[in-house]
Protein chains: 2
Amino acid sequence: MPKPRIKTMEDLSVAIGVSRPTLSRFFQDPALVKAKTVARIEAGLERVEYVPNFFATRLNRKTTGIIGVIIPYLNDLFFTKLLQSVESAAMEAGLTVITQCSHSDPAIEARAAETFMSMNVDGALVAPLGEHSDQGVQMRLKSRLPFVMMDSRPKTLLDVDFVGTNHAQSTGLITEYLCRVGPPPVFLAMPRVNFNALEREAAYIAEMERMGFEPEVIGGGQVREGGYFEEHGEAVLDEAFGQGRLTERSILCVNDRVAIGAIRAAARHGLVPGRAAKGGLRIAGHDDYPLCPYLNPALTTVAQNTDAIGKKAVSLILQLISGEGGGGAPEVTLFDGSLRLRESA
Amino acid sequence: MPKPRIKTMEDLSVAIGVSRPTLSRFFQDPALVKAKTVARIEAGLERVEYVPNFFATRLNRKTTGIIGVIIPYLNDLFFTKLLQSVESAAMEAGLTVITQCSHSDPAIEARAAETFMSMNVDGALVAPLGEHSDQGVQMRLKSRLPFVMMDSRPKTLLDVDFVGTNHAQSTGLITEYLCRVGPPPVFLAMPRVNFNALEREAAYIAEMERMGFEPEVIGGGQVREGGYFEEHGEAVLDEAFGQGRLTERSILCVNDRVAIGAIRAAARHGLVPGRAAKGGLRIAGHDDYPLCPYLNPALTTVAQNTDAIGKKAVSLILQLISGEGGGGAPEVTLFDGSLRLRESA
DNA sequence: TTCCATTTTTTACATGCGTAAATATCGGGC
DNA sequence: GCCCGATATTTACGCATGTAAAAAATGGAA
């Protein structure tokens, strides 16, 4: 029952009586070979076990058909959602995607970039670590191959194609909403800033000033241990609520994971944030983390259009690969966020 | 400022005046080359841009140093946690890991397996889809290379090395706990069963019978639309609570994501599951999903030792690669679960 | 049957590097 | 200054496939 294993195309050629160049063309695209021959090859493949060597094929082709993707975290559903969008778009385009997670370590990120260059990938898609990223690495990537950044845009790397969210719009939107339905919100930030966090904070401040309110940012100062988003949100608000502060305020969290911690802190102090509670505590987030609808109370937030971001990033890379882009100014696409009104604010 | 790019080791050889075979040894392991020569090479590399071709190197080595990992879902923090554990263990062993997500599609899973075989990976680590996996594919993998399964163990593939959780123990543990502190629990299952779900259900039933209670399984029958775990848990309990059923029972959910939906349903009906509430509603889960501590109420559950599972899986693969294993019976390692008592039960 | 266009085969070279064997070079101890 | 052991270089071949060009085979229309 076990089929004989054949290792090389050469051997396969003699085994099924079709020349190696023809087999080569067949494995690249059966349409390049006459139907009758295709049938003969396929019949032969029924009887033996053979798969073309991935490395040997990629070694010679002018194009590898691979794109490399780097994301900073794996244990964050926002990035996995983005990754799914990228993968499905890439698969549709017939590309193989190799994903590497930098695990919030610049050294690992650099190693991943190195790997992609050594693979001659057709293009690279990276969601950077923020200020911790080694920008030299990204400059090298950009100078060597089609390169698109996603999600977070380093201020020192503005001449790169970028796809992300318009945080001025998205954060402005929810800030305006919070101001409209309750007391002007405070902004719950993170100590370890990334560029998105900074942009959101700036957008919050701008919108507050536009509406004539005094912006107030908390939680951005001291670096705490652990550093997980939820833990940070809970710790900051646990302290505040414990001192009787902020219990009747609106709190805009820099992202949903921080907001999850914030809601938890509220619950521990017997507080129930909610849009229904006139004048009382409200908590809102940013991103539309997949679990938002299932929290208690369900989290009001601004959704990032991760699906559009992933699709656009892939199409941009495709465009760059085909040599259409790269001429003038970098192409920057920002998608608007959209309000998700639920219970918490 | 831009360094000259060098494409081949041959060219590098003439550029920095060190022979190609020596360079080859250097890139495989600098320790194979005398310190003085290493210094000369590194000085040379400062002045030019060169990375060895990934495919060419892997094509000739007897061992590629790559292990392939397949996981069924990306948008599930349990699997990303497991993946992180695997990645860090593999990195420590000096292996490159290529991860593919099957997106709960057997065809994609099969394609990923094919890719791994065509890469001559040193070994494959797969968390299968459950009954939907194409077992033929996995048999081929097993027959071709070091192969270890994780997390879920197909009943028809028992002769494969496996690392996972002892669900009889873990589910028995929490079932016993629930019986001890409150009314005997019902089991909230999933329609689309995977093997773990079945094992947990069986363990629940066995433990209930051992303690002299009547097991009761709900939510396992009809297949609903959407099918996300949280949605399922919420839908089933929303219906039950709406009819006044189960409001004073203990509910053991097949996993934490279902439990998250269950807690949400409780909240929508004004119910607060809790271990403090004597005689009242209790909800428990399984897995110790990372967000459990931040739910309201915080979810009582049984933790899977994902870290140990990942480490062990990698060490098993390593052992298989070195040719030590594979002789007799398959090596099956099951880690015990441990109770995480929080608020919900 | 003959001829033409399409497809396949033959032949040869290319890809970038691993690896082995023989030869050359280096540095140090005597 | 000589000799030895450790390294480095030279040379040559192998890995599994892509690819191009020329020659041969195929198949259908006239």
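Because the structure is predicted, anything quoted here is derived from the model rather than measured. Residue numbers start from 1 in every chain, and the chains themselves are labelled A, B, ... in the order their sequence lines are given, proteins ahead of strands.
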Peer 1: When you compare the protein's N or O atoms with those of nucleotides 4-6 of chain D, which come within less than 3.5 Å of each other, and at what distance?
Peer 2:
none

Peer 1: Identify which nucleotide among D:dT17, C:dC17, D:dG27 has an atom closest to any side-chain atom of B:Asn60, counting heavy atoms from C-beta outward.
Peer 2: C:dC17
Peer 1: Please give, in whole Å, the distance from C:dC17 P to A:Asn53 CG?
Peer 2: 16 Å
Peer 1: For A:Lys36 and D:dG27, is the shortest distance between a side-chain N/O and OP1 or OP2 below 4.0 Å?
Peer 2: yes
Peer 1: Starting from P on C:dG18, measure out to CG on A:Leu59 and report it in whole angstrom.
Peer 2: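 Taking atom P of C:dG18 as the reference, CG of A:Leu59 is at 12 Å.
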Peer 1: What integer distance in Å separates B:Asn120:CG from D:dA16:C1'?
Peer 2: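 In whole Å, D:dA16 C1' and B:Asn120 CG are 10 Å from each other.
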Peer 1: Quick one: is A:Thr57 getting a side-chain N or O under 4.0 Å of the D:dT17 phosphate, OP1 or OP2?
Peer 2: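 Checking D:dT17 against A:Thr57, no side-chain N or O comes under 4.0 Å of OP1 or OP2.
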Peer 1: Rounded to whole Å, how long is the line connecting atom CG of A:Leu32 with atom P of C:dT9?
Peer 2: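 Roughly 14 Å, once rounded to whole Å.
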Peer 1: Among all residues two or more places apart in sequence or in another chain, which pass the side-chain contact (heavy atoms from CB on, under 4.5 Å) test with B:Glu331?
Peer 2: B:Asp161, B:Lys312, B:Leu316, B:Gln319, B:Thr333
Peer 1: Write down the atom of B:Thr64, the atom of B:Asp122, and the distance for their closest heavy-atom approach.
Peer 2: N-OD1, 3.1 Å
Peer 1: Hey, could you give me each pair passing salt bridge (Lys or Arg N to Asp or Glu O under 4.0 Å) that has a residue in residues 93-113 of chain B? Not counting sequence neighbours.
Peer 2: none
Peer 1: If the condition is side-chain contact (heavy atoms from CB on, under 4.5 Å), which residues does A:Asn53 pass it with, not counting sequence neighbours?
Peer 2: A:Phe55, A:Ala56, B:Leu59, B:Asn120
Peer 1: Within residues 42-52 of chain A, find the residues that approach DNA chain D with a heavy atom at under 4.0 Å, and present them sorted by residue number.
Peer 2: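 The stretch gives A:Tyr50, A:Pro52 as the residues lying under 4.0 Å from the strand, ordered by number.
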Peer 1: Looking only at side-chain atoms of B:Ala56, point me to the closest of D:dT17, D:dG27, C:dG16.
Peer 2: C:dG16
Peer 1: Starting at CZ of A:Phe27 and ending at C1' of D:dA16, how long is that distance when rounded to a whole Å?
Peer 2: 13 Å
Peer 1: Starting at atom CZ of A:Arg58, determine the distance to atom P of C:dC17, rounded to an integer number of angstrom.
Peer 2: 18 Å
Peer 1: Mind checking ring pair (Phe, Tyr, Trp, His ring centres under 6.0 Å) for B:Phe162 and listing every partner two or more places apart, or none if nothing turns up?
Peer 2: none
Peer 1: I'd like to check the ring pair (Phe, Tyr, Trp, His ring centres under 6.0 Å) partners of A:Phe26; sequence neighbours left out, ordered by chain and number.
Peer 2: none
Peer 1: Using the test side-chain contact (heavy atoms from CB on, under 4.5 Å), find all partners of B:Pro106 that sit at least two apart in sequence or belong to another chain.
Peer 2: B:Leu129, B:His132
Peer 1: I'd like to check A:Phe147 versus A:Gln138 (side-chain heavy atoms, cut-off strictly below 4.5 Å). Are they in contact?
Peer 2: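 Counting from C-beta outward, A:Phe147 and A:Gln138 do come under 4.5 Å.
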Peer 1: Could you pull out all residues at least two apart from A:Lys311 that satisfy salt bridge (Lys or Arg N to Asp or Glu O under 4.0 Å)?
Peer 2: A:Asp307
Peer 1: List the atom pairs, donor and acceptor, that lie under 3.5 Å between side-chain atoms in residues 44-51 of chain B and the rest of the protein, sequence neighbours left out.
Peer 2:
residue, atom, partner, partner atom, Å
B:Glu49, OE1, A:Arg140, NE, 3.3
B:Glu49, OE2, A:Arg140, NE, 3.1
B:Glu49, OE2, A:Arg140, NH2, 3.2
B:Glu49, OE2, A:Arg144, NE, 2.9

Peer 1: If you take any heavy atom closer than 4.0 Å to DNA chain D, which residues from residues 5-26 of chain A end up in contact?
Peer 2: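 Heavy-atom contacts with DNA chain D come from A:Lys7, A:Thr8, A:Met9, A:Arg20, A:Ser24.
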Peer 1: Among all residues two or more places apart in sequence or in another chain, which pass the side-chain contact (heavy atoms from CB on, under 4.5 Å) test with B:Ala112?
Peer 2: B:Ile70, B:Gln100
Peer 1: Between atom CZ in A:Arg61 and atom P in D:dA16, what is the gap in whole Å?
Peer 2: 17 Å
